[in-house]
Structures are given as C-alpha cells and as structure tokens.
Amino acid sequence: MTTEIEKELETSEAVLEKRRNFAIISHPDAGKTTLTEKLLLYGGAIHQAGAVKARRDQRKATSDWMEMEKQRGISITSTVLQFDYRDFQINLLDTPGHQDFSEDTYRTLAAADNAVMLIDAAKGLEPQTRKLFEVCKLRQLPIFTFVNKMDRPGREPLDLLDEIERELGLQTYPVNWPIGIGDRFRGVFDRATQTIHLFERRSHGSQEAQETVIELGDPKIEDYLEKDLYYQLKEDIELLSELGAELDLPAVHAGEMTPIFFGSAMTNFGVKLFLESFLDYGLPPRGRNSSLGVLDPTYPDFTGFVFKLQANMDPKHRDRVAFVRVCTGKFEKDMVVNHARTGKTIRLSRPQKLFAQDRAVIEEAYPGDVIGLNNPGVFAIGDTIYMGKKLEYEGIPCFSPELFAYLRNPNPSKFKQFQKGVSELQEEGAVQILSSIDEFKRDPILAAVGQLQFEVVQFRLLSEYGVETTLEPLAYSLARWVAGGWAALEKAGKLFNTLTVKDYWGRPVLLFKNEWNLQQVKEDHPSLQLNSIAPVG
Ligand code: G4P
C-alpha cells in the first residue's frame, strides 16, 4: 500500500515533470518580443500578447518611456509570463528589453532552468547575446537556439552553426532545417520525424500558422515545393547526416550542446515545433546549491530565493515587489516562513502572480514558479526564505559593471537620508556601489551596466529620500575582481593604467579604461587572476 508520504512524493514528481521554466537571451531587435507574443499565442494567453507588444513600444521610445516611468515612479522592467501548453505549465522569466537594465537579466538567468538563445539569421551572434551567454555558461544552463527572421535574407545556416560552435564553444544539433530563405522560405524539415513542415504565409502571423506536414518521400511533394528547393533540402539532409552529430540530451542539459531551430517569429513559422521540442527536451526544475548541499526540487519543505526586487510596480501604492523563485516544496498563501539573512519569521500574505501589468493573488506555487512578494524593506537580492531546516541558497553573483561615477550629496544636512538611500538601492540591486581606497574620498562610486541605471538611482534618491545628487563620471569601462583578494593584489606589485577600488564587501576591484589596458595588465602579471563575475560576499 502506498503511504501518504509516498503519494505526496509521487505528486510532487509529477508536478515537476510537467513544469518548464526559461528566459530568452538575445540582442535588441532580434525578435524577443515577437517570439514571446507568439509563444503566448500557443499557450492560449493571446489576450495578453498585446500587453507584451505595448511594453516593447514603451521601451522603443526610450525618453518617453523614462518620462512615463518617472511619473509613475519607476519601473516595469520585467515580469514573469506563465502559460500552459499540452499539459505543461511554462514559466517564461521575461527580462527587460532595454539593454541598460541587463544587470536584471543576468540575475533573472540565475533563477532560470533553461535559456532560449534567439538570434537574427542575418546578424548571427551579437554583443548582448554573447554577454548573456557567458552568464548562462557560468550556470551551465541548457541553451535552445532559435534562429529567427528566416523570412528575410540571411546568412547560410551552416555558417551560423559554425559561428556558434567556434565562438561559444557549444556543439550544435539542428533539430530542424530550413527550406529556402528570405522570400523563398517555405518551412522546415523536422529531423526526428523526417517530415517536412510547410507553412502558409500570413501577414504578421496573428494566428497560429497553418502548416502542411508531409513525409520526405511523399510524391505529392512536387505540388508543394519547388524542385530546386527540394533538391537542395535533400543535399542538406545528406550533409547533416555526414556531419554525424546525434542529439545528446545529457550534453544539452549540461549546457554543452545546443539544439537549433529555424523559423520566423513574425510569420509564426516554426514556433510551434520549437515549443513542442523545448517541452520534450528542456530541463524540469533542477536542484540548487545551498548551505545543505545541492537541494533537489523534491525536497519536501518550501524554500525559495529572491532574484530580483522591483520598486513601485503599482503607481497607487509605493511598493517594492520581491521576485521569489520557488525551489522546493509547495508554497501556500499566508505561509509563515523563515528569512535566512535576518533570522526573522515572515508571513507571506499577498503573494502575486506577475503577469505583465496584471497582478493576481496566487494561492499556491511549485518549484520552478515565480511569485511576487510585497514585504517592504524586508528583502534583498539573493535572500533565502525557507520552512523546516535552516538553509541558505548560494547568492546571486555580481557582474562586471561598465560605467562608473562618483555620486555626491552636496547638502550635508541630508547625509543620513543619502546614506540610507544609497544602501537600500544597493541592496535592491538597482546599482552596484564601489568605494575608493583613499580614505579622503568618501563619496560612493556608482557602478552600472547602463546609463539609465544612474538616472534611476538619482531620480529615486530625490523622489523617495529627498536628496538631490550630482554625478562625476569616471573614465573607466571595465571592472575585474581579483582572485585571492588584497594579498594577491599586493603580491602582483604595481599595476599601470588601473584604478583600485573596493566593493560592498571590501574586496579589491580593478577598474580599466578599456580592453587594451586590461590585456596589458594580464600580460604583465600572468599570475594575477581577474574575474568579470564575483560571488556575493
Ligand atoms: P526585440 O524584442 O528583440 O527587440 O525585437 P522585436 O520583437 O521588437 O522585433 C524587432 C523587429 O523585428 C520588429 O520590427 C519585428 O516585427 C521584427 N521581427 C521579429 N521577428 C521577425 C521575423 O521573424 N521576421 C521579420 N521579417 N521580422 C521580424 P519593427 O519594424 O521594429 O516593429 P513592427 O512594426 O513590425 O512591430
């Protein structure tokens, strides 16, 4: 007879098996908004698709966007889109479209189990994609590649595969293969089923694409496909089989091999095939490193961690929402949990689903889900909450900022508010704070990935803490943490063209004006290990 505990375990395993969670990494304009919208369409959440586009339009007009965000008190930069497809529950951890908030994207990747790398067929790998890929690599996230905009003239598919292999060091496995490109893009060949999926072109693909599926050897093929495209496809198929790679799922799950899909999000070609395969091959919620070792998602007690804080999502209530990734156990509304950093207990009374601008109270959530908690001032990025045995998840690392400026408070009577604001904004992850090692230079150094982060900090210091500040930019563009800390730095001796500063935890950070200076220091001091990503604390 099955015991209650066994039954519960079976249920939780079944729940996990049917959950997938992912984030999209791409360079602006590759089609992230469009693909997101189309995925929602298949997930039956079409009424929300407009919301996605509206957000994209907000972002496109940066200055208007900023003005609007300022008026309402900043800032909708990302949400979580939850939808069902087949009997799967899918969480898309949406990331800010604007490049200046990519620090948020880095952190969101810390909460994702899979990444979808979206690339523009004409452009191939672009800078933002490469940067985000580095973060995925660090976490060994499985990466699914969608080559978009096949309806437009683009690069040779093999050339794109080669670029991914060479530059990212990922093995590639094309799950499907494009038939034609640009005006002559007719569909894709699905290698697993050896079938041809031909699509009917519709303007902007506002509905699910109509597709005809035929076997490779079907004589009817000539009615559907021009001869030259058919012969080209046969040649390509032969070539692919000569290349010989097999789809190796353990390698995919370890982030060593990427399954590749071709399509066009705008016309809705290949999106469904992609979604289906992603559900089959993607990783269900997986274990995470904690102070108790790797904690499997089937661990019975509820645990989770904060990967993002967002201020003032609701203009009517000046609030701060903590995005919590559920890691284990079942989350229930009104639960009283432990907060690892402070040792306090907290009632989670208004948990929210974070779907675009809509927010609904949720009653329960499972591993892989994200919930929004509204407990002002309690949470910082990386905080763990748990039931049962005390534990803490590995923190979310710091990523190399690219812009630096002294932040000054010209009004001494506002000193306290200034200090409080700066430290709260740092905890929230709005910006990183560095400081000079010269004790006479007390002004904090703001370190950000994008200029808008500075604007947000100054704006919020004024509107929430009543402090007017000024910025003095520093002419540096790269930061590296020194492995081995101060001792290693001292041992290395004098470094040229760098500025040494401290991070929030007192660790040495070197600032460089440009890549060339960094390379120079590396060559002059080969034993010095410099990292672009550092663990918390
Ligand atoms: P992003 O979120 O990654 O920045 O990209 P987004 O989806 O906003 O797409 C950027 C532009 O590329 C949009 O054009 C979009 O329509 C177009 N696009 C996306 N996917 C495809 C595709 O598969 N094929 C083609 N041909 N175009 C695609 P736009 O002119 O900026 O906007 P819109 O007026 O079309 O909405």
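These numbers were taken from a predicted model, which means no experiment stands behind them. One-based numbering, in listed order, for ligands and for the atoms of each.
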Nearest heavy atom to atom 10 (C) of ligand 1 wins, so pick from Asp29, Thr36, Thr267, Asn148.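 It is Asp29 that holds the nearest heavy atom.
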Could you work out, for atom 3 (O) of ligand 1, the closest of Lys38, Lys32, Lys149 by heavy-atom distance?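 Minimum heavy-atom distance to atom 3 (O) of ligand 1 goes to Lys32.
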Which atoms from ligand 1 have a heavy atom of [X] less than 4.0 Å away?
X: Thr33; value: 1 (P), 2 (O), 7 (O), 8 (O)
X: Arg152; value: 26 (N), 27 (N)
X: Pro28; value: 4 (O)
X: Ser264; value: 22 (C), 23 (O), 24 (N)

For the residue pair Leu158 and Leu239, establish whether any side-chain heavy-atom pair is separated by less than 4.5 Å.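 Yes. Closest side-chain heavy atoms under 4.5 Å.
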Any side-chain heavy-atom pair of Phe305 and Arg288 under 4.5 Å: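 They are in side-chain contact.
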Could you say whether the N/O atoms of [X] and ligand 1 ever approach to under 3.5 Å?
X: Gly31; value: yes
X: Ala265; value: yes
X: Ser26; value: no

Is it true that Asp236 and Gln232 share a donor-acceptor pair across their side chains at a distance under 3.5 Å?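 On atom types as modelled, these side chains qualify, holding a pair under 3.5 Å.
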Check the side chains of Glu256 and Gln171 for a donor-acceptor pair under 3.5 angstrom, ignoring hydrogens and angles.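 No donor-acceptor contact under 3.5 Å links the two side chains.
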Would Lys272 and Tyr42 count as a cation-pi pair here, with the cationic atom under 6.0 angstrom from the ring centre and within 45° of the axis?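 Negative - Lys272 is either too far from the ring of Tyr42 or too far off its axis.
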Lys149 vs Asp29, test: salt bridge (Lys or Arg N to Asp or Glu O under 4.0 Å). Steps then yes/no. CA-CA 11 Å; Lys149 305 198 186 181; Asp29 256 18; 5.5 Å; no
Classify the angle between the aromatic ring planes of Tyr106 and Phe399 as parallel (below 30°), tilted (30 to 60°) or perpendicular (above 60°).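 Answer is tilted, since the angle falls between 30° and 60°.
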Using a 4.0 Å heavy-atom threshold (strictly under), name the region of [X] that reaches ligand 1: side chain, backbone, both or neither.
X: Thr34; result: both
X: Met266; result: both
X: Asp151; result: side chain

Measure centre to centre between the rings of Phe144 and Phe278, then say whether the value is under 6.0 Å.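 Yes, the ring of Phe144 comes within the 6.0 Å limit of the ring of Phe278, centre to centre.
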